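Notes for the one structure printed next.
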Protein chains: 2
Amino acid sequence: MNLKELSKQLNLSQTTVSRALNGYPEVNEATRKRVTEAARKYRYRPNVRARTLATGKSMSIGHIIPMSKQNELVNMVFSDFIAGAGLVYADHGYNMTLTIVKDDDELEAYRGFAERGAVDGVIVQAPTREDRRISFLADLDIPFVVHGRASQIRAPYGWLDVNNKRAIQTATKHLLSLGHHRIAMLNGLETLDFAVRRRDGYLAALREANIPPDDSLMRSNDMSEPNGYEAAMELLALKAPPTAFVASSMILALGVKRAIEENNLEMGKDVSVICFDDDISYLPNAGDTPLFTALRSSVRAAGARCASLLIERINKPDAPLPNELWEAELVHGASTGPGPNA
Amino acid sequence: MNLKELSKQLNLSQTTVSRALNGYPEVNEATRKRVTEAARKYRYRPNVRARTLATGKSMSIGHIIPMSKQNELVNMVFSDFIAGAGLVYADHGYNMTLTIVKDDDELEAYRGFAERGAVDGVIVQAPTREDRRISFLADLDIPFVVHGRASQIRAPYGWLDVNNKRAIQTATKHLLSLGHHRIAMLNGLETLDFAVRRRDGYLAALREANIPPDDSLMRSNDMSEPNGYEAAMELLALKAPPTAFVASSMILALGVKRAIEENNLEMGKDVSVICFDDDISYLPNAGDTPLFTALRSSVRAAGARCASLLIERINKPDAPLPNELWEAELVHGASTGPGPNA
DNA sequence: AGAATCGCTCAAAGCGCTTTGGATAACTCA
DNA sequence: TGAGTTATCCAAAGCGCTTTGAGCGATTCT
């Protein structure tokens with residue numbers, strides 16, 4: 001059943017039926033009732049393709065999630081982010097159009113979205129320091145919101161970020177205050193902006209404590225359990241192994257934990273671990289005493305908020321660009337204890 | 001730049017330009033070349049909304065991922081499944097339309113997709129035993145493929161499933177052959193079809209070994225690390241605790257591992273653990289000796305295959321319904337060892 | 001009473017593409 | 001040479017909706 005047929009059934013014009021259904025005021029309440037009832041009766045649903053063509057809005061938000069070619073790793077943080085965003089979209093009548101691309105094709109994918117009018121806006125995730133996507137999207141003149149920031153880019157754009165530097169600085173200071181002075185840092189790939197900020201936080205804390213940074217204690221790689229494990233195994237095998245680890249994600253920290261145990265050491269006693277916790281739903285760091293001491297910030301909440309900000313941007317393109325910086329919360333868990341200096 | 005403008009630039013009709021770009025044979029190769037060059041020059045991209053309206057195909061596949069209301073848990077297996085499917089879609093020019101809904105709205109979401117013509121086909125994930133979605137979608141007459149099966153449903157439908165029963169039966173037999181006879185089973189929610197099949201596999205193995213099942217050793221819950229931990233803590237506190245665990249997912253097994261360690265026991269020595277491993281990319285159970293002995297089947301490969309099957313179904317609606325049963329592979333890891341009967 | 005306003009409805013014009021059903025010129029074959 | 005192909009191209013008709021611009025009684029205002 002389409003609009004034409006329905007309006008014929010009702011002896012009304014398509015105009016009136018359309019208006020009645022879409023809540024326009026210039027239609028008599030009595031006829032509106034007739035229309036809505038007939039629509040229900042005949043199970044009429046406006047064809048979404050025709051509607052989007054007519055309105056020029058696709059009522060859909062684009063997410064592009066890149067997959068690194070080497071390891072075929074999907075950043076698991078994406079799924080929680082998307083869950084948060086998806087619910088907000090649904091509430092506002094938007095769909096989410098998701099494209100998975102190999103790294104190289106990413107820019108093209110965004111252009112495709114924009115130029116072909118497939119989506120009304122896009123979310124940019126995991127920006128690098130001078131992320132090309134940002135100016136690219138600005139040129140394409142499509143609304144977007146960045147989850148994170150690109151510190152090398154001066155031109156304004158909408159973003160929502162966690163205060164990564166302060167979070168990791170706090171984490172490192174916490175270890176220092178516990179008496180650790182040989183502290184390793186397992187970071188994500190430092191092409192990514194957030195990783196650089198976290199590194200800065202780590203270095204800033206060491207500097208405050210007058211501890212010269214030791215390159216051999218700093219690692220940077222994809223954030224996966226095996227990478228955390230391998231890095232920790234290497235570090236624990238040093239002549240002067242670290243007594244504490246700062247891990248850029250909980251999944252890395254799980255790898256560190258495994259390495260600690262395999263060395264017959266005890267986490268929280270022999271070796272301390274603190275990590276950034278995105279509060280992933282299926283890997284919660286919760287309970288009375290959470291497994292890890294961590295700096296927590298919900299990536300799902302961030303997804304939801306980014307979605308809201310983007311929808312606002314779509315509706316009010318001239319409103320000022322949103323910029324939000326969230327603080328992470330320190331959670332005390334079982335993975336930290338006094339260091340050798342305590 | 002739209003088709004009208006482009007064709008004006010070229011002094012050609014929209015028809016010819018459209019045909020040239022879409023590779024139809026009835027256009028001179030010379031003019032085709034002119035057209036493609038002009039298209040590149042002016043950065044012409046056919047508007048996807050207009051195209052889908054004209055063709056009647058949306059070139060998009062729907063995925064609906066439900067979020068259980070109580071725990072707000074996003075099944076983490078989805079992200080790998082989607083990664084696998086997404087790449088196949090991209091290869092075939094399809095998009096993925098993802099909707100996240102609270103449990104109750106799920107059926108309505110499928111109807112919305114179908115009746116409004118938003119997608120050309122849908123994937124059904126995590127079916128229950130008599131999943132309502134299947135007959136619902138069949139009635140709506142929209143192509144779909146189920147990842148998993150609904151054992152109570154007799155009418156044919158397209159599916160791809162892992163042989164869950166045999167996998168867990170093999171797992172349990174493996175523990176039995178190692179000399180364990182008190183074997184716990186930590187399952188997923190048994191409203192889900194796969195969980196029931198796994199339970200059947202566990203029971204079948206016990207039956208073969210003439211071991212009466214003990215309800216107190218069987219648990220069923222959402223598959224998360226904390227749930228695995230809590231169940232294992234309870235079970236290990238029994239007067240007669242199990243000497244081995246079968247876990248329905250690796251994430252549960254990680255919880256079991258934590259509980260074992262917290263009881264100052266050693267996994268693979270004092271207590272054995274075997275699990276089902278979906279081969280998630282960021283939680284790999286790999287290496288020379290993987291952490292867990294497991295029955296492995298890649299959920300990402302399943303996603304890719306489901307996507308292919310669905311696209312075939314869309315293109316050839318009258319072809320026979322695909323039914324594929326995959327066998328899981330036994331992987332020997334460090335989590336199992338001889339039992340008390342050995 | 002005539003003009004102006006209001007409330008409701010409609011015909012028709014898009015939205016930007018694909019596709020049908022010719023048209024035209026060139027080319028083939030007997 | 002004239003009918004029948006073939007190779008190219010085009011005008012126009014959708015696809016199913018929204019939205020513009022009018023129309024037309026009925027009501028209100030001056």
Side-chain angles (χ1 to χ4, degrees), chain A residues 1-36 38-39 42-60 93 95 112-120 142 315, chain B residues 1-36 38-39 42-60 93-95 112-120 315:
Chain A
M1 171 70 70
N2 62 20
L3 184 61
K4 198 172 176 182
E5 291 162 21
L6 181 62
S7 52
K8 199 158 291 173
Q9 285 289 335
L10 286 160
N11 265 323
L12 286 170
S13 73
Q14 295 192 33
T15 309
T16 305
V17 176
S18 171
R19 297 207 141 137
L21 258 25
N22 291 324
Y24 281 69
E26 58 267 71
V27 44
N28 190 307
E29 276 311 317
T31 64
R32 190 195 300 282
K33 201 166 181 187
R34 258 183 74 214
V35 172
T36 50
Y42 294 113
R43 284 247 182 92
Y44 168 72
R45 309 255 170 164
N47 180 298
V48 72
R49 295 195 293 271
R51 181 202 288 252
T52 59
L53 178 58
T55 57
K57 311 196 63 185
S58 66
M59 294 308 285
S60 169
N95 269 107
F113 270 169
E115 293 189 346
R116 314 186 323 168
V119 300
D120 296 332
I142 181 174
N315 292 333
Chain B
M1 171 69 70
N2 62 20
L3 184 61
K4 198 172 175 182
E5 291 162 20
L6 180 63
S7 51
K8 200 158 291 174
Q9 285 289 336
L10 286 160
N11 266 323
L12 285 171
S13 73
Q14 295 192 33
T15 310
T16 305
V17 176
S18 171
R19 296 208 142 137
L21 259 23
N22 292 324
Y24 281 69
E26 57 266 72
V27 44
N28 190 308
E29 277 309 317
T31 64
R32 189 196 300 281
K33 200 166 181 186
R34 258 182 75 215
V35 172
T36 50
Y42 295 113
R43 286 245 182 92
Y44 168 72
R45 309 257 170 165
N47 180 298
V48 72
R49 295 195 291 272
R51 182 202 288 257
T52 59
L53 177 58
T55 56
K57 311 196 63 187
S58 66
M59 294 308 285
S60 168
Y94 280 86
N95 269 107
F113 270 169
E115 293 189 346
R116 314 186 324 168
V119 299
D120 296 333
N315 293 333

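These numbers come from a predicted model, not from an experiment. Chain letters run A, B, ... following the sequence lines, proteins first and then strands; every chain starts at 1.
- Rounded to the nearest 0.5 angstrom, B/D120 CG and B/S58 OG are separated by 3.5 Å.
- Following rounding to the nearest Å, B/R19 (CZ) and C/dG22 (P) show an atom-to-atom distance of 14 Å.
- Under the side chain to side chain contact (heavy atoms under 4.5 Å, CB included) test applied with B/V17, the options B/V27, B/T36, B/L12, B/T31 reduce to a single match, B/L12.
- Taking only side-chain nitrogens and oxygens, A/N22 comes nearer than 4.0 Å to OP1 or OP2 of D/dT18.
- At the heavy-atom level, A/R49 lies nowhere under 4.0 Å from the strands shown.
- Comparing C/dT9, D/dG14, D/dC17 by their closest approach to the side chain of A/T16 singles out C/dT9.
- Note that CZ of A/R49 is 10.0 Å distant from NZ of B/K57, once rounded to the nearest 0.5 Å.
- At whole-Å resolution of the value, CZ in A/R116 and C1' in C/dT18 are 16 Å apart.
- The CG atom of A/N11 sits 9 Å away from the P atom of C/dC10 (whole-angstrom rounding).
- Of the candidate nucleotides C/dC10, D/dC9, C/dG16, D/dC9 has the atom lying nearest to any side-chain atom of B/T31.
- At distances below 3.5 Å, not a single donor-acceptor pair connects side-chain atoms of A/N22 with backbone N or O atoms of A/Y24.
- What separates NZ of B/K4 from P of D/dC10 is a distance of 16 Å, to the nearest Å.
- A/T52 comes within contact range of no nucleotide atom at all, as no heavy-atom separation falls under 4.0 Å.
- Distance from the side chain of A/Q14 is smallest to D/dC17 among D/dC17, C/dC17, D/dC9.
- Whole-Å rounding puts the B/L12 CG to D/dC10 P distance at 5 Å.
- Atoms CZ (A/R32) and C1' (C/dG7) sit 13 Å apart, rounded to a whole Å.
- Taking atom CD of residue B/E26 and atom P of nucleotide D/dA7, one finds them 11 Å apart after rounding to whole Å.
- Between A/Y24 and C/dG7 there is no side-chain N or O to OP1 or OP2 distance below 4.0 Å.
- Under a 4.0 Å N-O distance rule, the pair B/E29/B/R32 qualifies as a salt bridge.
- Following rounding to the nearest Å, A/M1 (CE) and D/dG16 (C1') show an atom-to-atom distance of 14 Å.
- Closest-nucleotide positions on DNA chain D for A/L53 and B/V27 were compared, and the one nearer the 5' end corresponds to B/V27.
- Comparing B/S13 and A/L3 against DNA chain D, the residue whose closest nucleotide sits nearer the 5' end is B/S13.
- Looking at heavy-atom distances under 4.0 Å, B/T15 makes contact with a base.
- Between A/S18 and D/dT18 there is a side-chain polar atom (N or O) within less than 4.0 angstrom of OP1 or OP2.
- When the side-chain nitrogen and oxygen atoms of A/N28 are compared with OP1 and OP2 of C/dG7, none of them lie within a distance under 4.0 Å.
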